[in-house]
Amino acid sequence: MSEKQPNTAVFYRLRDTIRKRIFSGLNEEQFRAAETGQGPVLCLAGAGSGKTMAMVYRILHLYIFGPQYDPKPKLDREPTPAELEQLENWLEENKDNVTKRLPATLLRLIRQDGVSPYSILAITFTNKAAEEMQERLEPMLGSAARDIWVMTFHKACVRILRREIKALGYSSDFTIYDDQDHMQLIKKTVAALDLDDKKYPPRAVSSMISRLKSELKDPASAKKQILDLWEEKVVQVYEIYQRELKKNNALDFDDLIMLTVQLFIKEPDILEYYRKRFQYVLVDEYQDTNHAQYRLISLLAGDHQNIFVVGDDDQSIYGFRQADIRNILDFERDFPGAKIIKLECNYRSTGRILAAANSVISQNLGRKKKTLWTNNPEGERLISYSAQDEQDEARFIGEQITELKQKGENYQDCAVLLRTNAQTRTLEEAFMKAGIPYRIVGGQKFYERMEIKDIMAYLKLLANQADGLSLRRIVNVPRRGIGEATMQKIEQLASLNNCSLFEALRCYASNEIGSKAAKGMLDFILLIERLLEVKEDFSITGLTEKIYAETRYVEILQKENTIEAESRLENLKELLTVTQEYDANNEEKSLSDFLSQVSLVSDLDSYEDVVEAVVIMTMHMAKGLEFGNVFLAGMEEGIFPHSRSVGDGELEEERRLFYVALTRAKKRVYLINARQRNLFGRRSYNQPSRFLEEVPLELAEEFKRKGIFETTYQGKGKNKQDIFRKGFYVLGEKVEHKKWGLGVIVSIRGEDEDCELQIAFPGMGIKTFLARYAPLQKIN
DNA sequence: ATCTTACCGATTTTT
DNA sequence: TCGGTAAGAT
């Protein structure tokens, strides 16, 4: 017989139970990550260990219960019996299901000491990750979820900079240059300095400048650490490049981070404001942060030290983009008193896949020791297949996928992951032939298409007339008879008068009335001025349509009447869908805001796994995704590990990439190498990847093609005759004929031993044979 | 100013 | 092999 408890005590008990219920889907470590609200926390989260869960629930916990859970918080008033009943009812109703949604009333009742959603900053690298987190938060937190800053580094920086960049001498309608724009400007600068672009390849120059920026070195401080002539010149390029950006009121991607840090350092008041505001900072994929990003978050977390980072050093595969693995390895040193939480339970992959991945990654030195384990079943063995060549490789994958499909797998649960983009072609052809629906993620990106870039350049110029790069792009698009030579003059004029390209253009046009180029220029200037006048009156869609019409861009494409023009028109239509979506979803529509939103999306963001299609992409792009069945093609020395990375310390990063690729798979992994393949138009013979040997033998089995003659053959024999009888002929394969000598199979008709082979003998033409009788021998 | 042809060179790229 | 760039032709 229990004594009648006061309402408050009952409330405490119920609240505690509800808390446990909400977090019941987490394992012990995840829960610890979620509830440790104060101080620095490093969460080492292995692949597939539910780190997003941990982050989402951490935010949830902060919002509802605050940084430090108090089971008996001070209440303003005693809860009413009706309220207690509500809580009890909820508990009763949600006895068995895992909580995905919390009703607002319940939230209001139990939320005590919870932090303001405005004080939480959750940073990711991809929009996709940010959206995923946001989507999971919304049903739990309701509208409060929208007040939390869950966004990418770059987006957060753009937000801050749009408000504060005046302090750095830019104006707030700055343009963001994408990689293409950036490269363009680098090339121009290299040329302007009269440097030989053989000795100073734009790519290398760009990567050096990018490195300097991610190390927070401005041109002045970069000058102090020059090692040789080459670097000296590059720093000169950097200096001019940076000046040029500022003149154009433009920022490249690296600037977004670097300038934000500079801003914080230069303006302590501004830093103070954001420090006060973001009391709780969370960072996803911490192993991928570069130095600038590290500085950014350490500045923000400066005094409160409430910083929570999740990452996996074993999944650091962006070293070439200045991701600094030391950030995660040194976290405990950088943030004294840091708590370490390891998430080692994998919910994704089968035991065998995980064992393979563990074994592979254990070869790397200098990592934080972690061993993933799982309660999942052992699963099937990994399958390896040694293909004749890339066609055979592609065909094998196609066949296996067809087989999987028959077993009830969906196409969208199959992924082919590649080391390089160049490997996609053969696969595409094979899939097309086999009638397998496929999708290539990460090829030509929407916003990188010519026609889209053209229209965007118009919009950019309208938003920011200082943007000379955009002006240059469109001044003669469509044709207005303004060529390179004329533009050179204008550019000179601009730098002479220290004015913008647009102003120089105006000046030139009014001075050279009558010349052909001036006529075109005048057309262009009037067009832009007309658009500038009305840009405030239109929605983004309206403005875009006006550009289509006034430039006659669409009209000209229509007249072209080619398939190419057709697809460009399609893209322009698609762009209108994008603008419409923006217009519909954004209250105060500003052109700059639209443009930055667009600048910060990637191809991967549009990737949804609902389409019935096999997905083909690079291993890099696959990070963070998962698939039932994963095919890793091109497991060859030179390709993977890539020849360029063998040698200097990058082998471990390649191995991490392999680890990432393996751990994408839930059920099946196929490892395929081709014994020969065309590489740069040359036939090359590659050894199987060393990584294959790092997969323990007992976890894998080799797939043997059931050849036409193989039914009875079980041979171990080494002699040529045996091998010759065992094989199955493959298109493109080299064979030796007793009489004709070396040849290549160019066609195979029919099945099994009845098939008819056409073989090309160099200098002797194509001969036809019946496989059954022909005295053929395979050449490896 | 714009179109054509001969070279060269060739990872990965969240933003 | 392909695609992007640089010099030559119209």
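Just so we're on the same page: letters track the sequence lines, and every chain starts at 1.
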Check: If only atom types and distance count, is the side chain of A:S596 paired as donor or acceptor with the main-chain N or O of A:D593 below 3.5 Å?
Finding: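 Present.
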
Short side-chain N/O contact from [X] to OP1 or OP2 of [N], under 4.0 Å:
X: A:T486; N: B:dA1; result: yes
X: A:K623; N: B:dT13; result: no
X: A:T618; N: B:dT13; result: yes
X: A:N421; N: B:dT11; result: no
X: A:K445; N: B:dT14; result: yes

Checklist line | Criterion side chain to side chain contact (heavy atoms under 4.5 Å, CB included) against A:F125, the qualifying member of A:K623, A:H154, A:E285 | finding: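 That would be A:E285.
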
Mark yes or no for a side-chain to base donor-acceptor pair under 3.5 Å between [X] and [N], with no hydrogen or angle criteria applied.
X: A:R677; N: C:dT1; answer: no
X: A:D288; N: B:dT14; answer: yes
X: A:R644; N: B:dT11; answer: no

Check: Is A:F153 stacked on the base of B:dT15, meaning ring centres closer than 5.5 Å and planes within 30 degrees of each other?
Finding: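 Aromatic stack with B:dT15 absent for A:F153.
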
Check: Are A:H642 and the base of B:dT11 stacked, counting only ring centres nearer than 5.5 Å and planes tilted under 30°?
Finding: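 Check passed, A:H642 stacks on base of B:dT11.
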
Next item on the list: State whether A:F691 and A:R655 meet the cation-pi test: NZ (Lys) or CZ (Arg) under 6.0 Å from the six-membered ring centroid, and within 45° of the perpendicular axis.
Entry: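 Judged by the rule (NZ or CZ under 6.0 Å from the ring centre, within 45° of its axis), A:R655 is not positioned above A:F691.
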
Notebook entry, point to check: Does B:dT12 sit syn or anti, given that only angles within 90° of 0 count as syn?
Noted result: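 Glycosidic conformation of B:dT12: anti.
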
Margin query: Under a plain distance cut-off of 3.5 Å, with no hydrogens placed, do A:Q242 and A:D255 share a side-chain donor-acceptor pair?
Written below: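 Yes, because at least one side-chain N or O of A:D255 sits under 3.5 Å from a partner of the opposite role on A:Q242.
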
Next item on the list: Go through the side-chain N and O atoms of A:Y438 and A:E428 and say whether any donor and acceptor fall under 3.5 Å apart.
Entry: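 Yes, A:E428 and A:Y438 have a side-chain donor paired with an acceptor closer than 3.5 Å.
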
Notebook entry, point to check: Which residue lies toward the 5' end of DNA chain B, A:F680 or A:N127, if each is placed at its nearest nucleotide?
Noted result: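 Closer to the 5' end of DNA chain B: A:F680.
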
Donor-acceptor contacts under 3.5 Å from residues 198-211 of chain A side chains, at least two apart:
residue	atom	partner	partner atom	Å
A:S206	OG	A:H182	NE2	2.9
A:S210	OG	A:D254	OD2	2.9

Check: Under the salt bridge (Lys or Arg N to Asp or Glu O under 4.0 Å) test, which residues partner A:E652, sequence neighbours left out?
Finding: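 With sequence neighbours excluded, A:E652 shows a salt bridge (Lys or Arg N to Asp or Glu O under 4.0 Å) to no residue whatsoever.
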
Next item on the list: Can you sort out which residues in residues 475-483 of chain A have a heavy atom within less than 4.0 Å of DNA chain B? Ascending by number, please.
Entry: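 Nucleic-acid contacts, sorted: A:N476, A:R479, A:I482, A:G483.
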
